[in-house]
Amino acid sequence: MIKDTEKSDLIVQIETDPKQHILYKAGDHPPIYLTIFCGFQHTLVSLSGVMAVSLLVSDVTCANLDDDIKSTLLSSTMLMSGVCTVMMCLLGSRLPLFQGAALEFLIPLLAMQVLDKSKCDFPPKIYIDTNSTITNTSGIHLDQHNEFILKNIRELQGSLVAAGAIQFLIGATGLLSLLLKFIGPITIVPTLLLITVFLVRACVKFASVNWGIALMVAAVSLILSLYLSYYNTPIPMWTKNKGFHILWFPLHQVYSILIGILVGWFVCGVMTVAGTFSPDDKLARTDTGLDAIRKADWFRLPYPGQFGSISFSASMFMGFFIGTIMSILDSIGDYYACAKICNLPPPPAHCVNRGIAIEGFCSLIAGFLGCGHATTTYGANIGAIGVTKVASRDVFIATGVIYFIFGIIGKISAIFLTIPYPVLGGALIVMFGMFNGVVLSNLQVVSLSSTRNLAIMGTAILFGFMIPYWLETNPDAIQTGSVTSDGVIKMLLVNPNLCAGVVACFLDNTVKGTLKERGIEAWQVMIDDKADNMKEFDGDVTIYDIPLPRYLKKSNVFRRLPFIPPVHE
C-alpha cells in the first residue's frame, strides 16, 4: 500500500495476492450491475469462438460471399447460444456454463469440401435488377446459385436434428455410464487430435488472404496470453469501503484473443483507408460488408424453416453422429472442471445426464433453425470463472440474455461480418492451438510408460492420417453401385477422427490392460454418485437439483428417471 507521508492517510491500496476462494458462489445473487458487467465479460470471452464456427459453416455451405445468408446464420447461432446457456443454468446441469457453437460438428463439413474441392467455385455474386434474366459468367443463374446454397444448409438441418435427438436420448436414458465403460482417454485423445487435419485447412484458408495480418493477430494473442501471463493489469478502482485503489487483474490474458482481433481489425481498417489493399482484396478490407450493415434489418428473429423445408443427408448424419459422441465426452469433462473451479461437489449422475439431454435438445432446435452446428460447453468461460472468482449462475443467465439480444438485432450480426478473413485466421490459429492442448491434457490420467497405450494411440493416429489421405487422392475408389451408399462410406472414411477413434476404441477394448492403466478408472469416478459424502465445498449436491415438487420426486415414475434428482432427507 502507498501512504501520504504528511497526513499518513491511505491513498492507494494495491491488491497483489487476492484470496483464492469464490467471491460469489453458484447459487448467489450478485448486485445487478456486477451481474451485467460479468455477463458482458463472458460474452466477449466466447464471442470469437462463436463467430468463427458460424463463419466456417458459411464457408463450407458456399455462402461466404452472400452477406445476407451469413448474417442470418450468425444471428441464429447467437440466438441459440443464448437460449441454450439459459436452459443449461436453469434446467440442465445447473452449473454456471456457457453453451456455444460446437467445433466438433465442423469436421464432416470440412470433409465435404475435401471430397469436392470445386463445389463452391462460383463467380462472385453480381447484383442485378430482379426483373432481369441475366446469368453470371459461368452460365448459372443467380437464383440457382442461391438455391444451391440453401440446399446445402437444408441438408445440414435434417442431419443435425437427428443427431441432436440421439444426444437427447443418450442423456435422458442414462446411457453415459455404458459409453464410459468402453470409451476412455486413449480413444478420445487420438480422435479429437485428428480434428486438426481439417482445422489446418480452415486456418490456412482464412489466414492466406493476408499472412502478415493473420500472424500479427496470432502474435498479439500469444504474447498477451503466454508471455505476459505472469503479470497483471493495474485497474484503477473506487469503492465506498476502500476508496481509490488499484486492482491487479489479468485483463490482458482473459481477453487476449479478443484484443488480438481488435488490433488486427484496426490495422486492416487503417490499411483500407490508406489504399494499401486493392479493391480486389475484398476479404481483407473492412469496407466490404458496409452495404450489408445498411441493408440488414434492425430486428430479425430466426425461426424454423427460414431456409426452406429441411432435408436429410445420410452421409452428413454419420459425420454429425460422430461429432455428437465427441461433444458429449468433451462436455462431461467440462462439467467436472467447472464444479472443481467453483468449489462444488462433483456433479452426480442425474446432473450430467440432464446436462447432456439439454445440449441434445438445443442441438435439435439449432438444426430446425439452420445453424449448421450443435451447441456445446465452452471451456474458456470456465477458466474465466477462475480468474474473476464470480461463479454465480445469474451471470451466465445474463450472458445468455445478451446473446439472445445479439441474435435478434440484425445490425449487430452484420457488423461482425465486417471482420476481415485474415483477422479471423489469426484468431483461429490461437484458438485451435489451445484446443489441441486441452485435448492432450486428457492424457494425464493415462499411463504413458505403458507400451500398450503408446502403440494403440500411435497406430490410431497413423490410420487417421492414412485412410482420409488415400480417399482424397483416390476419390473414385469407392464404387458400390449406389450413390447414397458411396456418399455414406466416403463421409465415414474421409473423417480422420472417426478412423482414428474406431481403431483406438477397438484396440483399447481388445488388448489386455487395467482400467487404471487405460485411464478409464479416473473417468468412471466422474459418474459415480459419491458427492453426498464430500465436505468442505461451497454448497452441497442440492445445488444440482431442478425445482420440482416433492411429491413428483417421490413418485415411482419420476424417481426412476436417470435425470431426476433424488429426495434429500
Are the side chains of [X] and [Y] in touch, meaning some heavy atoms are under 4.5 Å apart?
X    : Y    : answer
V217 : V267 : no
S331 : I356 : yes
Y403 : L79  : no
T77  : V53  : no
F98  : S81  : yes
T61  : F307 : no
T480 : I489 : yes
P420 : I213 : no

Write down the atom of [X], the atom of [Y], and the distance for their closest heavy-atom approach.
X    : Y    : value
A101 : Y378 : O-OH, 2.7 Å
V50  : G100 : CG2-CA, 4.4 Å
G410 : S71  : O-OG, 4.0 Å
T375 : C362 : OG1-CB, 3.7 Å
L73  : G370 : CD2-O, 3.1 Å
A207 : A214 : CB-CB, 3.5 Å

Is there a donor-acceptor pair closer than 3.5 Å between any side-chain N or O of [X] and the backbone N or O of [Y]?
X    : Y    : answer
Q306 : L369 : yes
S225 : S221 : yes
S208 : V204 : yes
R393 : L90  : no
R354 : G92  : yes

### Query
Can you tell which of I409, I402, I408 makes a side chain to side chain contact (heavy atoms under 4.5 Å, CB included) with F406?
I402
### Task
Report the residues that fulfil side-chain hydrogen bond (donor to acceptor under 3.5 Å, both in side chains) with Q99, sequence neighbours left out, ordered by chain and then residue number.
T377
### Query
S278: what forms a side-chain hydrogen bond (donor to acceptor under 3.5 Å, both in side chains) with it, not counting sequence neighbours?
D281
### Message
With a 4.0 Å cut-off on N to O distance, would you call E155 and K151 a salt bridge?
### Response
yes
### Query
Quick check: are there more than 12 heavy atoms from other residues, nucleotides or ligands sitting under 6.0 Å from CZ of F40?
no
### Task
Could you walk me through whether C371 and V57 pass the side-chain contact (heavy atoms from CB on, under 4.5 Å) test, one step at a time?
CA-CA 8 Å; C371 296; V57 172; over 6 Å; no
Could you state the interatomic distance from [atom1] ([X]) to [atom2] ([Y]), rounded to the nearest 0.5 Å?
X    : Y    : atom1 : atom2 : result
I149 : D68  : CD1   : CG    : 10.5 Å
D59  : S54  : CG    : OG    : 11.5 Å
T376 : I328 : OG1   : CD1   : 9.5 Å
S363 : I166 : OG    : CD1   : 11.5 Å
F148 : I153 : CZ    : CD1   : 11.0 Å
I467 : W470 : CD1   : CH2   : 8.5 Å

### Message
Before you tell me yes or no, could you show the steps for N146 and I69 under side-chain contact (heavy atoms from CB on, under 4.5 Å), namely the whole-Å CA-CA distance, both residues' side-chain angles and the distance that decides it to 0.1 Å?
### Response
CA-CA 9 Å; N146 189 63; I69 293 180; 3.6 Å; yes
### Task
Assess the side chains of T85 and T399: does a donor N or O sit below 3.5 Å from an acceptor N or O?
no
### Message
Apply side-chain contact (heavy atoms from CB on, under 4.5 Å) to residues D287 and F277 and explain how you reach the verdict.
### Response
CA-CA 11 Å; D287 57 359; F277 293 136; over 6 Å; no
### Task
For side-chain contact (heavy atoms from CB on, under 4.5 Å), just list the numbers for L97 and F396, CA-CA rounded to whole Å, side-chain angles, deciding distance to a tenth of an Å, and then say yes or no.
CA-CA 7 Å; L97 295 168; F396 283 82; 5.6 Å; no
